[in-house]
Structure formats: C-alpha cells, structure tokens
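Below you'll find the structure, written out as structure tokens, and then a few comments.
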Amino acid sequence: MSTVGKVITCKAAVAWGPKEDLKIETIQVAPPQEHEVRIKILYTALCHTDAYTLGGHDPEGVFPVVLGHEGAGIVESIGNGVTNVAVGDHVIPLYIPQCRECKFCKSPKTNLCQKIRIPQGQGVMPNGTRRFSCNGQELYHFMGCSTFSEYTVVADISVTKVDKNAPLDKICLLGCGVPTGYGAALNTAKVEKGSTCAVWGLGAVGLAVGLGCQAAGASRIIGIDINPLKFETGKKFGFTEFVNPKEQEKPIQQVLVDMTDGGLDYTFECIGNVATMRAALESCHKGWGVSTIVGVAGAGQEISTRPFQLVTGRTWKGTAFGGWKSHDSVPKLVDEYLSKKLLLDEFISHNMNFNKINEAFHILHSGQCIRIVLSLNENQENH
Ligand SMILES: NC(=O)C1=CN([C@@H]2O[C@H](COP(=O)(O)OP(=O)(O)OC[C@H]3O[C@@H](n4cnc5c(N)ncnc54)[C@H](OP(=O)(O)O)[C@@H]3O)[C@@H](O)[C@H]2O)C=CC1
Ligand SMILES: N[C@@H](CCC(=O)N[C@@H](CSC=O)C(=O)NCC(=O)O)C(=O)O
Ligand SMILES: [Zn+2]
Ligand SMILES: [Zn+2]
C-alpha cells in the first residue's frame, strides 16, 4: 500500500544524549513538505564525525537526534516543487548541498553552499520544523541527512540521483569520507605530478587522500599513523612509505624534513588533533609547502604555529567534503567507481546489521576498522 502523503512508522537509531549508546526505536517520519524528499535508507556507514557529535564534542550537537550522514537509498516520496529526483530514484544524501543560487554556489572557489546551513546546524529542516518523532517527542535532524533511520527526510538540494546500476552498499561511502580525502588531494591541495606528500591518520579519509595523491601522480606518499596495523592497508591506497611517530626519537616534523630534503610539497591532517595539525604544517617545505586540514576538532580546540612558518612560504588551508560541489560531483564519482577508476570496496572492513550499530561504534573506536557499512535492508541477510 502506498505511503505517499502518510506518516511512516519505522526503525531508527536515536541518540538520546551525548556519550550515550544509541537506542533502536520505533519512530514516526512525517511526509516531505515543499522542496523536501523522503528517502528509504538501505545502507549507511559510520564516520568519525558521527562519533564526534555523539561524544559531545560538536558545538552544534543537539539531542535527541537521528545521526548518520554517509548513506544511500531510494526515493519514497517527494514534496511540492521537487524536480531533481523522482520516486524510485537511487540517491545519496548530501551534507553539503548545492543550490546553485547562493553566492557560494556561484563561486568557483568553494563548495560550501550556505542556502540551508543555519537550520541544518540547528538540526531542523529549512522551514524550521522537524519530520522525526518518537513517542510524541520530536527528534532533531543531523547534517541535513540523518541516515541512521529506515526513512529520512532531506531538502531537495541535499540529495542527488545516482546510477541505478551502482551497488548502494558500496556507494554509500561517497556520502562523506572517500570524496573528502580524494578531493582534499585533487581539489583543495591540487597535488601535482611528481609531488611529495605526507598524510597523518590512515583511516578511511587519510587512505582516500592517498588515492587522490596517487591519481595526481605524486612521487612519494608517506603515511603517518600511530597504529602500525594501518601501514599494510595503506599500500593498497597508494602509500609508498610509512612512519610511526611513536618509534621516532626526534619530533616527526624533523624526521620528515630530513627524509625529504627540506620538507613535503603537500601534507594532510586526517585525525582531528591540533598537535598533528601543527606537525603537518611544520613538515611542509619552505617556500611552497601546503598543508590541508581535514580532521575535525571540537570547540575550544585551536591550532598554533610560529607565524614565521607562513612568512617563509608555507600555506595552511582546510577542506570540507574534499571541495566537491556535491550535486555536480557525486554522480561522477559514482561513475568513476563503476568504471573502476576509484576504489570503494577496499574501504569496507565490516558489513553489519543496523541493529548492531552500538557494536559498530565500539569497533570504530577500536582502531580495527576502516569503514563499517550497516544494512537497513530487511532482505539483506544479517552479518
Ligand atoms: N573535513 C571534512 O569534510 C571531513 C572530516 N572528517 C574528519 O576526518 C578525521 C578522520 O576521519 P576518519 O578517517 O573517519 O577517522 P579514523 O579515526 O578512522 O582515522 C584516524 C586515524 O588516525 C590515527 N591516529 C589517531 N591519533 C593519531 C596520532 N596522534 N598520530 C597519528 N595517527 C593517529 C587513528 O589510529 P587509531 O585508529 O589507532 O586511533 C586512525 O587510524 C576525523 O576527524 C573526521 O571527523 C571526516 C569526513 C569529512
Ligand atoms: N558541527 C561541526 C562541524 C564539523 C565539520 O567541520 N564538519 C565538516 C564535515 S565532517 C564530515 O564528516 C564540514 O563539512 N563542515 C562544513 C560545515 O559547513 O559544517 C562543528 O561545529 O564542529
Ligand atoms: Zn563524515
Ligand atoms: Zn548554494
């Protein structure tokens, strides 16, 4: 029977408070309003940013909330005025939308569409209201996506149609981590052929930076992590050398400057640690080195370095979603995956049932995973 125009009762993982386990609840999801889309989420991955907000580190964190922002699914229904997707389309929600009208969308210099950023940061839909409730209590939205639910509602500018031939349990990774790292190298840093690069943090984002540096033709791609188990994995993602700061007697900056005749052309921080952000900058080559911050650090965390580092020609910059203009780019990244130009399967270390989401978060924190994909598809056998 059609659910169009009706409230859907479904399963979701609700974060009732910071630092608390998620609770699998039966929730109500209201129909999409004007310029909104309701999506049946079939697969979602966990990103460290979900853990960052759940851990209470996010100054925009509000509770109770439906987290999740790295998902894929099928359009169940659309509100008035929606023209970019239709019922039955395979889609990926976009936590950085693309309205094509705001001055940010009109600038070639950024992907940071601001059309709905304020309500999105408040955990509500663009018109200031919410579509989720549980036992009569309204729940907040998250990053404009809320993929930890069998059904979610997003703004039409926050969802993009993708090729139906692409497996949703793989391309859900194109909702965040992989495009972020890949684009950090290609779009934000603009790594050139023959460059020397170093990446702090060999999680999914850092590994994707390796793929971007490799695609750009970098001559050296040095992986830096305190977990040596990540080094073997890194070889599959373009990394040519590895350094564990814990095994060094000198500061990591000095080690890398000595290894590379004065420093790296490009460095990337993919951890969210202000100390490693400083190390990544100070490992750059005088005169031209560029360091890109990808990692997310909480309110109150500040970066510091001697101004002399910048005066002598180093550049410190950052990236959100790898600089990709989302609507324009995500479908193309799906096509790159389908044409085997971009790896995705290799990022998935665990496939689990949605009901095991708390166990998945514990695995995430264990350092024993790259990406965990959760299945919300009842037809999918339990893993
Ligand atoms: N800017 C953006 O648009 C985006 C930002 N992010 C952010 O990027 C960061 C990385 O995300 P993700 O790859 O999912 O996270 P992961 O935790 O999977 O990766 C971080 C890696 O860094 C390692 N690490 C931790 N501390 C250190 C240290 N002091 N020195 C060297 N290595 C260290 C971790 O090891 P171990 O596992 O043993 O702890 C892990 O291997 C997070 O901060 C996330 O919030 C994510 C997506 C988009
Ligand atoms: N609410 C958080 C925002 C942290 C942050 O920097 N988020 C990234 C994406 S991280 C995805 O896994 C981002 O794209 N930021 C751009 C934006 O407009 O928020 C905080 O305040 O710390
Ligand atoms: Zn993310
Ligand atoms: Zn815009």
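Every heavy atom of this structure was used, including side-chain atoms; hydrogens, water molecules and symmetry mates were not. Worth saying up front: this structure is predicted, and the values here are computed from it rather than measured. Whatever order the structure lists ligands and atoms in, that order sets their numbers, starting from 1. Residues take their numbers from the sequence shown, with the count starting at 1.
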Gap between atom [atom2] of [Y] and atom [atom1] of [X] - 0.5 Å precision:
X: T305; Y: L281; atom1: OG1; atom2: CG; answer: 5.0 Å
X: S326; Y: L112; atom1: OG; atom2: CG; answer: 10.5 Å
X: R220; Y: E241; atom1: CZ; atom2: CD; answer: 4.0 Å
X: S149; Y: F354; atom1: OG; atom2: CZ; answer: 6.5 Å
X: H69; Y: I92; atom1: NE2; atom2: CD1; answer: 13.0 Å

[Y] versus [X], side-chain donor and acceptor atoms under 3.5 Å:
X: E25; Y: W16; result: yes
X: Y95; Y: E70; result: no
X: Q28; Y: T9; result: yes
X: D225; Y: N227; result: no

With a 4.5 Å heavy-atom cut-off, do [X] and [Y] have their side chains touching?
X: F321; Y: V330; answer: yes
X: K286; Y: R314; answer: yes
X: S366; Y: I363; answer: yes
X: N84; Y: V82; answer: yes

Is [X] close to ligand 1, meaning an N/O of one under 3.5 Å from an N/O of the other?
X: H48; value: yes
X: V294; value: yes
X: G177; value: no
X: A204; value: yes
X: T276; value: no
X: I271; value: yes
X: P245; value: no

Give the atom numbers and elements of ligand 2 that come within less than 4.0 Å of a heavy atom of [X].
X: I96; value: 14 (O)
X: M143; value: 11 (C)
X: C176; value: 11 (C), 12 (O)
X: C47; value: 12 (O)
X: P59; value: 20 (C), 21 (O), 22 (O)
X: Y52; value: 20 (C), 22 (O)

Indicate yes or no: does an N/O atom of Q114 lie under 3.5 Å from an N/O atom of ligand 2?
-> no
Counting heavy atoms under 4.0 Å, the part of I370 that contacts ligand 1 is neither
After noting the C-alpha distance and the side-chain angles of F231 and N244, does the key distance pass the side chain to side chain contact (heavy atoms under 4.5 Å, CB included) rule?
-> CA-CA 9 Å; F231 296 167; N244 180 345; 4.0 Å; yes
Heavy atom of the protein closest to [atom] (residue, atom name, distance):
atom: atom 19 (O) of ligand 1; answer: G203 CA, 3.3 Å
atom: atom 15 (N) of ligand 2; answer: A320 CB, 4.2 Å
atom: atom 10 (S) of ligand 2; answer: T49 OG1, 3.4 Å
atom: atom 39 (O) of ligand 1; answer: G367 CA, 5.0 Å
atom: atom 2 (C) of ligand 1; answer: T180 CG2, 3.6 Å
atom: atom 1 (N) of ligand 2; answer: E60 OE1, 2.6 Å
atom: atom 6 (O) of ligand 2; answer: V296 CG2, 3.7 Å
atom: atom 9 (C) of ligand 1; answer: C270 O, 3.7 Å
atom: atom 20 (C) of ligand 2; answer: D58 OD1, 3.3 Å
atom: atom 19 (O) of ligand 2; answer: R117 NH2, 2.8 Å
atom: atom 9 (C) of ligand 2; answer: Y95 CE1, 3.6 Å

The answer for which part of H48 has a heavy atom under 4.0 Å from ligand 2 is neither
What part of H57 sits under 4.0 Å from ligand 2 if we count only heavy atoms: the side chain, the backbone, both or neither?
-> neither
Look at ligand 2 and say whether H69 reaches it with a heavy atom at a distance under 4.0 Å.
-> yes
Check the pair K236 / E346 against salt bridge (charged side-chain N to carboxylate O under 4.0 Å, His left out), numbers first and verdict last.
-> CA-CA 8 Å; K236 289 186 277 186; E346 292 74 5; over 6 Å; no
Could you check whether the rings of W324 and Y182 sit parallel, tilted or perpendicular, using 30° and 60° as the cut-offs?
-> parallel
Report yes or no: does a heavy atom of [X] sit under 4.0 Å from some atom of ligand 1?
X: R371; result: yes
X: Y95; result: yes
X: F321; result: yes

Against heavy atoms of C176, which atoms of ligand 1 measure under 4.0 Å?
-> 47 (C), 48 (C)
Identify, by atom number and element, the atoms of ligand 1 in contact range of T49, meaning under 4.0 Å from any of its heavy atoms.
-> 6 (N), 44 (C), 45 (O), 46 (C)
Test F142 against D50 for side chain to side chain contact (heavy atoms under 4.5 Å, CB included), laying out the working first.
-> CA-CA 9 Å; F142 179 65; D50 296 309; 3.3 Å; yes
According to a 4.5 Å side-chain heavy-atom criterion applied to Ile, Leu, Val, Met, Phe, Trp and Tyr, with indirect links allowed, do L54 and Y52 form part of one hydrophobic cluster?
-> no
May I ask whether I41 and Y140 are part of the same hydrophobic cluster, defined by side-chain heavy atoms of I, L, V, M, F, W, Y residues being less than 4.5 angstrom apart, directly or through others?
-> yes
Okay, side chain of D156, backbone of T83: is any donor-acceptor separation there less than 3.5 Å?
-> no
Could you tell me whether a side-chain N or O of D258 sits under 3.5 Å from a main-chain N or O of V255, the two making a donor and an acceptor?
-> no
Side chain to side chain contact (heavy atoms under 4.5 Å, CB included) between Q122 and I118, worked out | CA-CA 6 Å; Q122 295 166 339; I118 293 173; 3.7 Å; yes
Which residues and atoms, protein N, O or S only, are under 2.8 Å from the Zn ion (ligand 4)?
-> C99 SG, C102 SG, C105 SG, C113 SG
